2 protein chains.
Amino acid sequence: MSLRHALLALLDAGPTTGYELAKQFDQTVDYVWPAQHSQIYTELRRLEAAGMVAAETVPRGLATKRAYRLTAEGDAELRRWVAEVAEPPPVREPAYVKATYFEYGTPQQAREQFRAHRAHYEAQRDRYERHIDQLERRDTALLRRRLAAAPAAAHDAIVAYKVHAYRGLVARARAEISWAERGLELVDRLAEHPAAYVIPDIPEPEGER
Amino acid sequence: MSLRHALLALLDAGPTTGYELAKQFDQTVDYVWPAQHSQIYTELRRLEAAGMVAAETVPRGLATKRAYRLTAEGDAELRRWVAEVAEPPPVREPAYVKATYFEYGTPQQAREQFRAHRAHYEAQRDRYERHIDQLERRDTALLRRRLAAAPAAAHDAIVAYKVHAYRGLVARARAEISWAERGLELVDRLAEHPAAYVIPDIPEPEGER
DNA sequence: AGCTCCATGTAAGTCGTTACATGATTCA
DNA sequence: TGAATCATGTAACGACTTACATGGAGCT
């Protein structure tokens with residue numbers, strides 16, 4: 001359950017209302033673990049019931065909002081989760097399932113799939129890269145709060161781990177783009193020389209940027 | 001819904017019982033879309049209710065088994081699905097979520113995470129490569145049935161698309177391994193020179209194998 | 001007065017996981 | 001006769017999606 005622990009981590013930067021938390025979530029965790037606001041509110045209530053966060057009702061004009069803060073139990077759970085080695089979930093990739101059965105479609109349909117795949121991951125890659133820029137400039141509200149709450153000696157590591165994660169996502173996106181492009185080449189070869197194609201292997205990620 | 005369509009594709013190779021289908025599934029689709037047998041039986045019943053497959057009760061000693069075959073509607077649905085361009089599902093990666101928060105753990109804990117990540121994807125990579133070998137040798141029972149049911153001119157494409165998909169998975173696994181290794185280097189730099197680290201970018205997948 | 005943002009949820013449904021359940025056949 | 005394999009499910013639960021629902025606050 002990454003949602004639960006990501007919320008604990010966000011709350012470690014200081015007390016926050018559900019709404020603020022959801023907005024911060026959208027700008028950070030959402031890149032690697034998307035969730036709707038409704039799910040966040042639900043999870044916060046569950047965390048509260050589990051004693052990992054505590055909520056305080058804060059007046060807001062005539063209405064009220066709820067400010068959540070991390071409890072000692074929540075903090076312990078966060079650290080337990082970070083230390084715990086978890087198996088990655090199994091691969092579950094619709095695009096690869098479908099690619100396995102492209103023979104049921106026309107070459108043109110296969111091309112469209114690969115082009116859409118490439119376009120999607122190009123957009124993702126750009127999104128990740130913009131986020132890396134923000135992180136490196138320490139230019140997000142959440143990161144500033146987080147750094148302010150942490151000892152200066154830890155600042156580099158806090159930023160570095162996040163940047164490393166997003167660099168990894170960029171590399172993944174590039175692998176997808178490369179796969180789609182080789183897919184397009186394969187479709188061309190199959191369509192033009194249906195009896196004499198060769199499938200070149202995908203090279204290892206080696207060399208400089 | 002990839003499960004549904006993968007089952008339709010498996011059935012295109014000819015009538016099969018649920019059990020056989022589940023076994024074939026384990027040796028093929030399961031690489032990219034895992035499912036329990038119980039889920040496959042449930043989905044087959046649902047496909048039957050939707051008119052996409054038809055079942056025939058076959059005697060087996062005193063008991064019976066059900067042999068499923070693709071209907072015209074099922075075939076049409078399979079082709080519709082292949083032609084349909086679908087957005088890839090959003091990234092949802094526990095390992096990357098956690099890596100974003102490695103500052104909550106010790107360097108040693110971070111190392112263990114990265115090592116487990118590397119080991120996992122090395123095993124996956126080897127699994128995929130073994131499957132590619134099988135495909136290239138046309139050495140799986142299912143592939144042989146599938147090829148036997150298809151015109152000879154289509155054989156190359158049938159194999160080539162599958163090989164391409166698994167090559168892509170190998171490339172993904174390699175990207176994960178590379179990410180984990182750079183993660184290990186990062187932990188070392190942070191632990192040894194906490195104030196003077198540099199995060200090298202991950203190079204593009206360029207160059208020869 | 002109306003729009004945007006703030007703020008918090010409920011409800012229904014889908015998909016998938018985990019555990020449980022049962023019994024026949026085949027082969028050593 | 002006992003184990004492995006064949007064969008087919010049900011039940012409960014959890015996570016997430018989609019849609020719906022409501023109302024205050026702040027600004028123009």
Side-chain angles (χ1 to χ4, degrees), chain A residues 1-7 10-11 15-27 29-30 32-50 53 55-68 81 86-94 97 141, chain B residues 1-7 10-11 15-27 29-30 32-50 53 55-68 81 86-94 97 141:
Chain A
M1 265 180 311
S2 293
L3 173 58
R4 148 166 282 150
H5 297 102
L7 291 175
L10 289 180
L11 279 172
T16 321
T17 66
Y19 183 75
E20 276 177 81
L21 211 51
K23 275 202 314 177
Q24 290 173 1
F25 192 96
D26 289 345
Q27 286 161 26
V29 188
D30 198 71
V32 281
W33 198 274
Q36 303 299 318
H37 286 193
S38 62
Q39 203 188 343
I40 291 172
Y41 284 115
T42 306
E43 191 61 38
L44 282 170
R45 287 291 188 168
R46 228 179 283 172
L47 283 167
E48 193 186 7
V53 304
E56 195 192 344
T57 303
V58 177
R60 171 178 173 259
L62 299 181
T64 58
K65 53 186 178 181
R66 294 165 61 81
Y68 290 92
W81 169 72
E87 272 296 281
V91 169
R92 183 160 271 138
E93 279 294 333
V97 179
Chain B
M1 263 182 310
S2 292
L3 173 58
R4 149 167 281 151
H5 297 101
L7 292 174
L10 289 180
L11 280 171
T16 321
T17 65
Y19 183 76
E20 277 176 80
L21 211 50
K23 274 202 312 177
Q24 291 173 0
F25 192 96
D26 288 345
Q27 286 161 26
V29 188
D30 198 71
V32 281
W33 198 273
Q36 303 299 316
H37 286 193
S38 62
Q39 202 186 346
I40 291 172
Y41 283 115
T42 307
E43 190 60 37
L44 282 170
R45 287 291 189 168
R46 228 179 282 172
L47 283 167
E48 193 187 6
V53 304
E56 194 191 345
T57 303
V58 177
R60 171 176 174 262
L62 299 181
T64 59
K65 53 186 179 179
R66 295 165 61 80
Y68 290 92
W81 169 70
E87 272 296 279
V91 169
R92 184 160 271 139
E93 279 295 333
V97 179

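Note that the structure is a prediction, hence the values are computed from the model and not measured. As a basis for the values below, the full set of heavy atoms in this structure was taken, side chains included, without hydrogen atoms, waters or symmetry mates.
Counting only heavy atoms from C-beta on, A/K23 has its side chain closest to C/dC6 among D/dG9, C/dT8, C/dC6. When each of D/dC16, D/dT10, C/dC6 is scored by its nearest atom to the side-chain atoms of B/T42, the top-ranked nucleotide is D/dT10. Residue A/Y19 has its side chain nearest to C/dC5 when only D/dA15, D/dG9, C/dC5 are considered.
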Scan nucleotides 26-28 of chain D against the protein and return all N/O pairs shorter than 3.5 Å with their distances rounded to 0.1 Å.
none

Kindly give the atom pairs (protein nitrogen or oxygen, nucleotide nitrogen or oxygen) under 3.5 Å for nucleotides 17-19 of chain C.
{"from": "C/dT17", "atom 1": "OP1", "to": "A/R92", "atom 2": "NH1", "distance (Å)": "3.4"}
{"from": "C/dT17", "atom 1": "OP1", "to": "A/R92", "atom 2": "NH2", "distance (Å)": "3.3"}
{"from": "C/dT17", "atom 1": "OP2", "to": "B/Q39", "atom 2": "OE1", "distance (Å)": "3.4"}

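In terms of the side-chain contact (heavy atoms from CB on, under 4.5 Å) criterion, residue partners of B/P90 (sequence neighbours excluded) are, by chain and number, A/P34. Under the side-chain hydrogen bond (donor to acceptor under 3.5 Å, both in side chains) criterion, A/E20 pairs with A/T17, sequence neighbours left out. The salt bridge (Lys or Arg N to Asp or Glu O under 4.0 Å) check on A/R92 picks up nothing, with sequence neighbours excluded. Looking at residues two or more places apart in sequence or on another chain, you find a side-chain hydrogen bond (donor to acceptor under 3.5 Å, both in side chains) between B/D26 and B/H37. The salt bridge (Lys or Arg N to Asp or Glu O under 4.0 Å) check on B/E93 picks up A/R172, with sequence neighbours excluded. In this structure, the salt bridge (Lys or Arg N to Asp or Glu O under 4.0 Å) partners of B/E48, at least two apart in sequence or on a different chain, are B/R45, B/R66. Every side-chain contact (heavy atoms from CB on, under 4.5 Å) that A/E43 has, sequence neighbours left out, goes to A/L3, A/R4, A/L7, A/R46, A/L47. In this view, B/V29 and A/Y101, B/A6, B/L10, B/F25, B/W33 satisfy the side-chain contact (heavy atoms from CB on, under 4.5 Å) rule, not counting sequence neighbours. Every residue was checked against the salt bridge (Lys or Arg N to Asp or Glu O under 4.0 Å) condition with A/R60, not counting sequence neighbours, and none meets it.
Contacts of residues 55-65 of chain A with DNA chain C (heavy atom under 4.0 Å): A/R60, A/K65.
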